[in-house]
Chemist: 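Handing you a structure now.
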4 protein chains.
Amino acid sequence: MPKLGMGPVRRRQLVDATITSIHEFGLADATVTRIAKKAGVSPGIVHHYFADKDELLFESMRLMLKNLRSQAVARLTKAHTPHERISAIIDASFAPEQFSPKVTTAWLALYASAPQSKNLTRILTLYHHRLRSNLIYNLKQISPSANHVQLAEAISALIDGLYLRGALNPSLYKTTSPKTIVSDFVQSALTKGGQYV
Amino acid sequence: MPKLGMGPVRRRQLVDATITSIHEFGLADATVTRIAKKAGVSPGIVHHYFADKDELLFESMRLMLKNLRSQAVARLTKAHTPHERISAIIDASFAPEQFSPKVTTAWLALYASAPQSKNLTRILTLYHHRLRSNLIYNLKQISPSANHVQLAEAISALIDGLYLRGALNPSLYKTTSPKTIVSDFVQSALTKGGQYV
Amino acid sequence: MPKLGMGPVRRRQLVDATITSIHEFGLADATVTRIAKKAGVSPGIVHHYFADKDELLFESMRLMLKNLRSQAVARLTKAHTPHERISAIIDASFAPEQFSPKVTTAWLALYASAPQSKNLTRILTLYHHRLRSNLIYNLKQISPSANHVQLAEAISALIDGLYLRGALNPSLYKTTSPKTIVSDFVQSALTKGGQYV
Amino acid sequence: MPKLGMGPVRRRQLVDATITSIHEFGLADATVTRIAKKAGVSPGIVHHYFADKDELLFESMRLMLKNLRSQAVARLTKAHTPHERISAIIDASFAPEQFSPKVTTAWLALYASAPQSKNLTRILTLYHHRLRSNLIYNLKQISPSANHVQLAEAISALIDGLYLRGALNPSLYKTTSPKTIVSDFVQSALTKGGQYV
DNA sequence: AATGAATGAGCCTTCATTCAT
DNA sequence: TATGAATGAAGGCTCATTCAT
């Protein structure tokens with residue numbers, strides 16, 4: 001009998017190595033050989049667990065989105081009011097495991113290559129849809145009269161923009177908390193006099 | 001006798017072809033040969049006008065940022081109040097020539113590869129600094145007590161986030177105007193009760 | 001306790017799977033993994049029964065030649081005249097088990113790779129020698145004056161040529177019987193007036 | 001201006017190197033790098049002139065068939081009787097430039113891989129058709145009552161078989177002329193008493 | 001005996017870059 | 001200035017073979 005059940009272990013190792021390699025070398029130089037070396041395996045084994053490099057990249061993006069979602073779900077179970085739930089969603093995006101240079105760089109690189117990949121576009125769109133629904137649902141309960149669609153889009157774009165800029169300049173949000181930026185924005189928007197109320 | 005002054009013309013042709021190619025094929029498949037063909041020249045000539053491919057990519061990003069800046073400058077000369085100047089800056093980012101699928105895709109692709117390029121990081125950082133100064137300067141005049149740094153960062157991130165999402169989904173902002181999203185955000189922030197006031 | 005006598009069974013399974021795989025995928029794509037899968041075993045076990053892939057291919061060719069010979073021997077025991085014995089040899093080559101697309105394709109592929117393999121060349125040459133001796137021996141008894149060497153070579157080449165063409169076009173000999181082609185050729189050659197008489 | 005008109009020259013060089021390499025190393029080991037080295041060029045240039053390796057192999061087969069046809073055409077223009085034309089066709093196949101170890105080995109290797117290649121199957125079938133038509137046309141004039149279809153097939157198969165065996169054993173036809181083998185067969189077949197008359 | 005995970009060499013192909021013309 | 005032929009270094013991927021279990 002050979003070593004059994006190596007599949008999930010190896011797949012996870014390789015996906016981790018992929019994210020790290022993209023951060024370290026950039027997407028263009030994150031070669032299969034380089035990724036394999038970082039995972040401590042031979043280049044050949046990669047294609048034992050992934051059909052091709054595209055699948056490996058896709059799974060890496062998928063893991064990042066899944067982690068993001070896990071963070072959100074964990075926080076949402078502890079939230080009891082619409083306001084808390086909005087905060088939970090925002091906080092999840094800036095949890096230290098997600099909003100780290102390693103992850104934001106890889107996230108941005110894969111995001112940027114999505115227009116050329118049906119699969120990447122698909123899961124990103126799916127993630128966007130879920131986030132949007134979630135936001136809209138809670139926003140409605142806070143302020144029935146607001147333009148929920150526009151506000152949800154604004155929150156989402158703001159989060160993405162902070163990721164984008166964080167990827168370029170890892171020290172940018174050492175002083176200013178990105179979480180605060182989003183929270184304050186939501187607060188402003190929903191305050192009397194705010195355009196979204 | 002050689003054609004005179006072909007330099008600037010050719011360089012511009014090639015930079016345009018680069019942006020178009022990145023949009024059309026993606027950064028990874030925007031090869032020198034492909035770009036040259038789109039520009040209607042031979043692959044060899046590219047290295048006559050650009051030291052290497054990196055320089056060509058760098059110049060492409062630089063042109064996009066320069067165009068963005070030109071748009072802003074043109075609008076700023078017609079603006080007379082701080083509010084108008086803030087609007088001018090925002091409007092510039094969403095001028096049709098800039099906020100088109102062709103440009104946003106290329107912009108995002110190059111942005112995402114910036115962490116691996118000192119030059120790209122440098123001009124992007126420079127652009128960020130300018131935008132930030134400009135925003136802060138005008139915000140101060142509108143509301144002396146606001147957290148100008150944070151607000152400027154929020155506006156910038158929101159704009160970048162809208163670019164990012166526009167690149168993935170070109171039809172996203174057919175209904176909701178991205179310009180309105182940013183304007184409304186600024187309005188909320190500066191309205192009494194907003195966190196930024 | 002280990003299963004006893006699995007050796008010959010497994011070897012035969014693998015050789016059969018090899019022939020089928022060559023027919024189905026071509027020699028170049030008849031990989032060890034593919035062959036193993038067709039035999040219903042794991043890739044690793046192949047090297048338990050065969051030193052390397054070359055040996056597996058060699059044994060496959062050897063089996064085909066052995067089957068050809070078995071067919072001939074079976075028919076020769078029932079033949080009583082030189083003419084019958086010549087016919088027996090020819091008929092053996094076109095027995096349905098041999099002259100099937102599966103076998104002719106594999107036979108041709110291995111034949112074509114023989115120039116690069118000492119072992120393949122050796123058994124093919126051995127087979128040729130035996131066939132030739134057998135033909136010459138019987139031809140001598142039919143017509144002492146004929147050019148037996150040339151005639152034997154002609155018959156052999158004609159049979160091989162029919163295999164070759166049958167491999168390319170499996171439906172070629174649906175109407176014209178290849179056996180008849182050879183028989184008629186022999187008849188012509190040995191008839192008064194024929195160049196071989 | 002670059003070196004112009006290198007296309008045809010390089011293509012021919014590479015096709016020649018392919019045939020030689022197949023003879024020397026076998027089809028499986030006739031790698032692009034090996035072929036390029038034999039042609040005295042870099043591996044990269046191969047794909048400048050051929051879409052992929054398959055096209056290179058295809059063109060190699062095509063050249064061999066074209067040469068075969070050229071030989072036949074040249075001889076046919078000097079032939080004046082049906083008998084002479086049949087001889088011309090046969091002689092063409094055994095012209096020293098064609099019936100050399102180098103060519104027969106490559107011819108056999110590519111022939112054997114034809115079942116996996118639509119293109120190879122197509123040109124081989126086309127060649128077969130032409131040869132067959134040509135033979136049948138002339139056989140009809142010699143002997144109106146013969147079974148022309150079967151005889152043409154027999155002649156074709158005999159020629160192919162001699163190529164096949166010549167590829168395995170280059171010294172086989174040093175003593176016995178393959179041309180004589182075919183000629184004598186035709187003679188026998190068309191002589192009174194022969195089965196084909 | 002048997003598995004399938006793992007290796008590493010090598011293949012086809014692509015591509016930035018150079019160079020002769 | 002301009003061409004496109006040519007180079008050579010990778011890159012993704014495949015595969016015979018080995019090995020721990």
Side-chain angles (χ1 to χ4, degrees), chain A residues 1-7 9-10 28-36 40-54 56, chain B residues 1-7 9-10 28-37 40-56, chain C residues 1-7 9-10 28-37 40-56, chain D residues 1-7 9-10 28-36 40-54 56:
Chain A
M1 289 285 171
K3 275 183 277 183
L4 287 180
M6 288 307 286
V9 175
R10 283 274 178 270
D29 292 326
T31 66
V32 169
T33 300
R34 211 113 63 175
I35 292 169
V41 297
S42 70
I45 201 66
V46 175
H47 296 88
H48 197 67
Y49 292 108
F50 296 92
D52 51 24
K53 194 187 176 184
D54 274 352
L56 177 57
Chain B
M1 93 188 104
K3 283 183 253 178
L4 290 177
M6 286 305 284
V9 175
R10 281 273 180 271
D29 291 327
T31 66
V32 170
T33 300
R34 210 113 62 177
I35 291 168
K37 173 175 277 181
V41 298
S42 70
I45 201 65
V46 174
H47 292 82
H48 198 76
Y49 291 108
F50 297 91
D52 52 23
K53 194 186 177 184
D54 275 351
E55 188 182 306
L56 178 57
Chain C
M1 86 187 111
K3 283 182 253 179
L4 291 177
M6 286 306 285
V9 174
R10 281 274 179 271
D29 292 326
T31 66
V32 170
T33 300
R34 211 112 64 178
I35 291 168
K37 173 174 277 181
V41 297
S42 70
I45 201 65
V46 174
H47 291 83
H48 198 76
Y49 291 107
F50 297 90
D52 53 23
K53 194 185 178 185
D54 275 351
E55 188 183 305
L56 177 57
Chain D
M1 289 286 171
K3 276 184 275 181
L4 288 179
M6 289 307 286
V9 174
R10 283 275 177 270
D29 292 325
T31 67
V32 169
T33 300
R34 211 114 61 175
I35 291 169
V41 297
S42 70
I45 201 65
V46 173
H47 297 87
H48 197 68
Y49 292 108
F50 296 91
D52 52 23
K53 195 187 176 185
D54 274 353
L56 179 57

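All figures in this text were calculated on a predicted structure; none of them were measured in a lab. Here is the naming used below: chain letters follow the sequence lines, and residue numbers restart at 1 for every chain. We use all heavy atoms of the structure for the numbers below, so side chains are in, but hydrogens, waters and symmetry mates are not.
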Chemist: Heavy atoms only: give me the nearest B/T31-B/K53 pair and the separation to one decimal.
Modeler: CA-NZ, 4.1 Å

Chemist: I need the CG-C1' distance between D/L56 and E/dT13, as an integer number of Å.
Modeler: 13 Å

Chemist: How far apart are the closest heavy atoms of C/H47 and C/V32, and which atoms are they?
Modeler: CE1-CG1, 4.3 Å

Chemist: Output the distance between atom CD1 (A/I45) and atom OH (A/Y49), rounded to the nearest 0.5 Å.
Modeler: 5.0 Å

Chemist: Report the secondary structure of DNA chain E in dot-bracket form, marking unpaired bases with a dot and bases paired to a different strand with |, and treating Watson-Crick or G-U pairs with both distances under 3.5 Å as paired.
Modeler: .||||||||||||||||||||

Chemist: Rounded to the nearest Å, what distance is computed from the CZ atom of residue D/F50 to the P atom of nucleotide E/dC11?
Modeler: 20 Å

Chemist: If each of D/T33 and A/S42 is mapped to the nucleotide of DNA chain E with the nearest heavy atom, which maps nearer the 5' terminus, i.e. the 5' end?
Modeler: A/S42

Chemist: Say you draw a straight line from CD1 of D/I35 to CZ of D/F50; how long is it, rounded to the nearest 0.5 Å?
Modeler: 9.5 Å

Chemist: Give the rounded distance in Å between these two atoms: NZ of D/K53 and C1' of F/dC13.
Modeler: 15 Å

Chemist: On DNA chain F, check which nucleotide each of C/G44 and D/P43 is closest to and give me the residue with the more 5' one.
Modeler: D/P43

Chemist: Reckon C/V46 touches a base, only the sugar-phosphate, or nothing at all at heavy-atom distances under 4.0 Å?
Modeler: nothing

Chemist: Roughly how many Å is it from CG in D/D29 to P in E/dC11, rounded to a whole number?
Modeler: 8 Å

Chemist: Starting at CD1 of A/I45 and ending at C1' of F/dC15, how long is that distance when rounded to a whole Å?
Modeler: 12 Å

Chemist: Please report, rounded to the nearest Å, how far the P atom of F/dT14 is from the OH atom of A/Y49.
Modeler: 16 Å

Chemist: Please tell me if B/R34 has a side-chain N or O lying less than 4.0 Å from either OP1 or OP2 of E/dT14.
Modeler: no

Chemist: E/dA16, E/dT3, F/dA16: which one has an atom nearest the side-chain heavy atoms of C/V41?
Modeler: E/dT3

Chemist: On DNA chain E, check which nucleotide each of D/A28 and A/G40 is closest to and give me the residue with the more 5' one.
Modeler: A/G40

Chemist: Roughly how many Å is it from NE2 in A/H48 to P in E/dA6, rounded to a whole number?
Modeler: 7 Å

Chemist: Mind calculating the distance between NE2 (C/H47) and P (E/dA5) to the nearest angstrom?
Modeler: 17 Å

